Amino acid sequence: MDLLATLPDDIEKGGEGLAATSMFQQKALEVRAQKINWQSYLQSQMISEEDFSFISRYDAADVPAREKIVQENPLQSAKTFYSLIGHISKDQTIQYLLTLVDDFLQENKKRVDIFREYARKRKESVWAQFLNLLNRPDPFIQNMTARVIAKLACWSAEPMKGQDLQHFLLWLKDQLKMPKNNYVQSVARCLQMMLRSEEYRKSFASVGGIETIVSVLSGKVNFQVQYQLTFCLWVISFSPDLAQRLNKYGVIPILADILSDAQKEKVSRIILEVFRNLIEKPEEPEIKKENCISMFQCKVMKQLELLEQRKFEDEDIQGNIEYLMEKMDASVQDLSSYDEYVTEVKSGRLEWSPVHRSEKFWRENAHKLNDKNYELLKILLALLETNRDPLVLCVACFDLGEYVRHYSRGKHVLEQLGGKTLVMTLLSHSDPNVRYEALLAVQKLMVHNWEYLGKQIEKPSANQTEIAVN
C-alpha cells in the first residue's frame, strides 16, 4: 500500500492532470473569469453584512492575501460558503461559488478541516448541502460539487461514511454510465481520488462500481478515459480481496483488447500495472494461476513481445513486461488441458480451441463441470442467455452437448439448471451455425445412441438448417 501513499495528494498534480482542453476545464476557466456583483445580493438582503464582508474581500484577493483573510477567522469562511450556497439560487452564481470553494481547498488542503469543524460546532452534516447540489439540473454545478466532495472526503482525517458515502458513490457510478456525458473525465478524476482509500474501494465495489468501470471500458472511449478508468482498476487491485475476484468481471480480456490498440504509453503502462497486481495481490495461488492463463489466452504474451521491441523512457514498463512474461511462461509450462478450458470458459471468450473437439478430454473431464456447485455449467448457461457472439453460442451449445454425452446424470442436471430451455430457444437463432449446434445439443439431450446421432446430422448449409429447424 506504500505505493499508493506516494501518489500526489490532489488531482491536479503528478503529471496526469485533467487535460486543459477537456470541456469541464474550459468551463471552469470561463466561470473563474466572471465577476459577481456581491453588492447587489447585499442590497436585496439575500446575504448578510458579515457574509458580504468576507466574500467581497476574499474574492478580490490574490492567493497569499486569501490565506491571511482565512487565518483571521477560519470558521467564517466555511460559514459564508455554506450560507451563500444555501441562500442563492442563480446557477451562474452557484457555479462561481463552487469553483471558489474548489480553489479554496486546492490552495491548502488543510482547509477541509475548517468545514469539518464548522459542521461539528453546529451539529450539522458537512455533506448534506453539497450532496443536495448533485441533484441540480446544471451539469457543471453537479461536477464541480463532486470535486469538492471528493476533496473533503479524501483530505479529511475523518472519512465519509454510511448513506452519505453510498449516495456519492452511486452518483459517480451513474454518471460514468450516462451516455454522452461531456464531463466523464471529471467524474473519473473524482474516482481516481476516492478509490485510493481502502474503505471507499470496498464501498464502491459493493454498489456495482467495478462492473460499471469494465462496462464503460468495453465501449468506445478516448485514451484519457481509458487511462483514468484503468487507473481506478489499478488502485482497486491493491485490495487483495478485490484483486482476488477482479477478473470475474472480465477485466483481463477488456484490458488485453485495449492494450492491443493502445497508442499512448501511459495507457500501456497502467494496464501492465493492473496485470502485475492481478498476479501479485490475490492470496490464493489458484487465482494467480488462473489470471496468468487468462492473460496468455487473451494474447497478452504476443502484445508484450511487441512492446518489448519499443523503446520506453519508463523503466517500470520494461520491468513489468519481463515480470509478466516470466509468470505467464511458468503458468503455461504445466498447463493441463482442463486448466486451459476452465480459464477459457471463465473469460467468456469461447472459440474452437482443440479441447472442445477432443473425445479424450470430455471422457476424462465432463464430470468436473459439476465442481464448485456446477460453476462452469452455470457460466456456459449464462453465456447462452446473455452473449450475442454466434461463435461463443456455438461452442457453448457444443460443450453442453458433450457434457450430457459423457456424464451419465448430465441430462438431469442440465434440466434442473434450465439448460434445456436455453438451448432450445437458440433453435430459432438468426445464425445458421448457432441453429445447427443448438439442434445437435438438443438431440444429445434427448437420445441415447450417440454414435448414430453423429451420422444422422451433418453440418448443413444455411438453407438446410432452416428446414431442419422449422
Side-chain angles (χ1 to χ4, degrees), residues 9-11 36 38-39 41-42 44-90 93-136 141-172 190 193-194 196-200 203:
D9 284 319
D10 61 63
I11 55 180
I36 303 295
W38 301 114
Q39 185 74 39
Y41 282 106
L42 177 66
S44 59
Q45 299 183 329
M46 291 181 72
I47 63 174
S48 68
E49 185 74 51
E50 188 180 41
D51 289 334
F52 170 75
S53 173
F54 173 83
I55 197 67
S56 55
R57 285 177 65 212
Y58 183 85
D59 192 17
D62 59 16
V63 173
R66 283 179 174 184
E67 182 62 28
K68 286 181 184 173
I69 294 167
V70 172
Q71 290 304 323
E72 287 170 17
N73 183 359
L75 293 185
Q76 181 61 49
S77 53
K79 175 186 175 298
T80 296
F81 284 132
Y82 274 132
S83 175
L84 297 183
I85 287 169
H87 289 93
I88 295 172
S89 58
K90 189 178 179 185
T93 309
I94 294 294
Q95 287 177 354
Y96 188 84
L97 277 166
L98 287 168
T99 307
L100 212 55
V101 172
D102 188 58
D103 291 342
F104 173 83
L105 298 175
Q106 191 67 41
E107 286 162 16
N108 183 349
K109 69 172 189 169
K110 291 179 181 175
R111 290 176 182 170
V112 296
D113 298 329
I114 297 173
F115 283 94
R116 282 285 190 184
E117 182 63 14
Y118 178 75
R120 189 184 64 78
K121 286 199 168 183
R122 291 177 63 90
K123 295 184 176 160
E124 292 176 355
S125 162
V126 73
W127 311 109
Q129 216 163 336
F130 290 120
L131 289 172
N132 284 338
L133 289 174
L134 294 176
N135 299 322
R136 291 280 286 248
I141 288 177
Q142 291 177 11
N143 284 277
M144 188 55 87
T145 299
R147 281 167 63 91
V148 169
I149 294 172
K151 288 173 181 176
L152 288 170
C154 293
W155 295 347
S156 173
E158 188 183 335
M160 196 177 193
K161 293 177 183 173
Q163 289 297 107
D164 291 332
L165 176 61
Q166 188 174 38
H167 179 84
F168 184 48
L169 292 176
L170 280 169
W171 183 86
L172 289 171
C190 290
M193 283 192 78
M194 294 290 290
R196 284 168 49 185
S197 154
E198 175 85 12
E199 191 176 331
Y200 298 160
S203 297

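Only a predicted model underlies this, so the values are computations on that prediction, with no experimental measurement involved. Below, each value reflects all heavy atoms present in this structure, side chains not excepted, and no hydrogens, waters or symmetry copies.
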Would you compute the distance between atom [atom1] of [X] and atom [atom2] of [Y] and round it to the nearest 0.5 angstrom?
{"X": "Thr99", "Y": "Ile94", "atom1": "OG1", "atom2": "CD1", "value": "10.5 Å"}
{"X": "Met194", "Y": "Ile149", "atom1": "CE", "atom2": "CD1", "value": "9.0 Å"}
{"X": "Leu152", "Y": "Cys154", "atom1": "CG", "atom2": "SG", "value": "9.5 Å"}
{"X": "Ser83", "Y": "Ile88", "atom1": "OG", "atom2": "CD1", "value": "8.0 Å"}
{"X": "Arg66", "Y": "Leu100", "atom1": "CZ", "atom2": "CG", "value": "5.5 Å"}
{"X": "Leu105", "Y": "Arg147", "atom1": "CG", "atom2": "CZ", "value": "10.5 Å"}

The test is side-chain contact (heavy atoms from CB on, under 4.5 Å); show your working for Gln71 and Lys68 and say whether it passes. CA-CA 5 Å; Gln71 290 304 323; Lys68 286 181 184 173; 5.7 Å; no
Are the side chains of [Y] and [X] in contact, using a 4.5 Å heavy-atom criterion?
{"X": "Gln106", "Y": "Lys151", "value": "yes"}
{"X": "Glu67", "Y": "Glu107", "value": "no"}
{"X": "Met193", "Y": "Trp155", "value": "yes"}

Please check: side-chain N/O of Arg111 versus main-chain N/O of Phe104, any donor-acceptor pairing under 3.5 Å? yes
Steps toward side-chain contact (heavy atoms from CB on, under 4.5 Å) verdict (Ile85, Leu98): CA-CA 8 Å; Ile85 287 169; Leu98 287 168; 4.2 Å; yes
For Gln45, look at atom CD and say whether over 12 heavy atoms of other residues, nucleotides or ligands are found less than 6.0 Å away. no
So, for [X] and [Y], which heavy atoms are closest and what is the spacing to 0.1 Å?
{"X": "Ser77", "Y": "Ile114", "answer": "OG-CG2, 3.7 Å"}
{"X": "Tyr200", "Y": "Leu169", "answer": "O-CD1, 4.0 Å"}
{"X": "Leu172", "Y": "Cys190", "answer": "CD2-CB, 3.9 Å"}
{"X": "Tyr82", "Y": "Gln129", "answer": "O-NE2, 2.7 Å"}
{"X": "Leu131", "Y": "Met160", "answer": "CD2-CE, 4.2 Å"}
{"X": "Phe168", "Y": "Ala146", "answer": "CZ-O, 3.5 Å"}

With sequence neighbours excluded, tell me which residues meet side-chain contact (heavy atoms from CB on, under 4.5 Å) with Leu170. Gln166, Lys173, Val207
Distance only, no hydrogens: is a donor on one side chain within 3.5 Å (strictly under) of an acceptor on the other, for Asp51 and Tyr41? no
Please work out whether the ring planes of Phe54 and Tyr58 are parallel, tilted or perpendicular, with thresholds of 30° and 60°.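 It falls in the parallel class, under 30°.
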Check Arg57 with Glu72, please: is the shortest side-chain N to carboxylate O separation under 4.0 Å?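 Counted as a salt bridge, because a side-chain N and a carboxylate O are separated by less than 4.0 Å.
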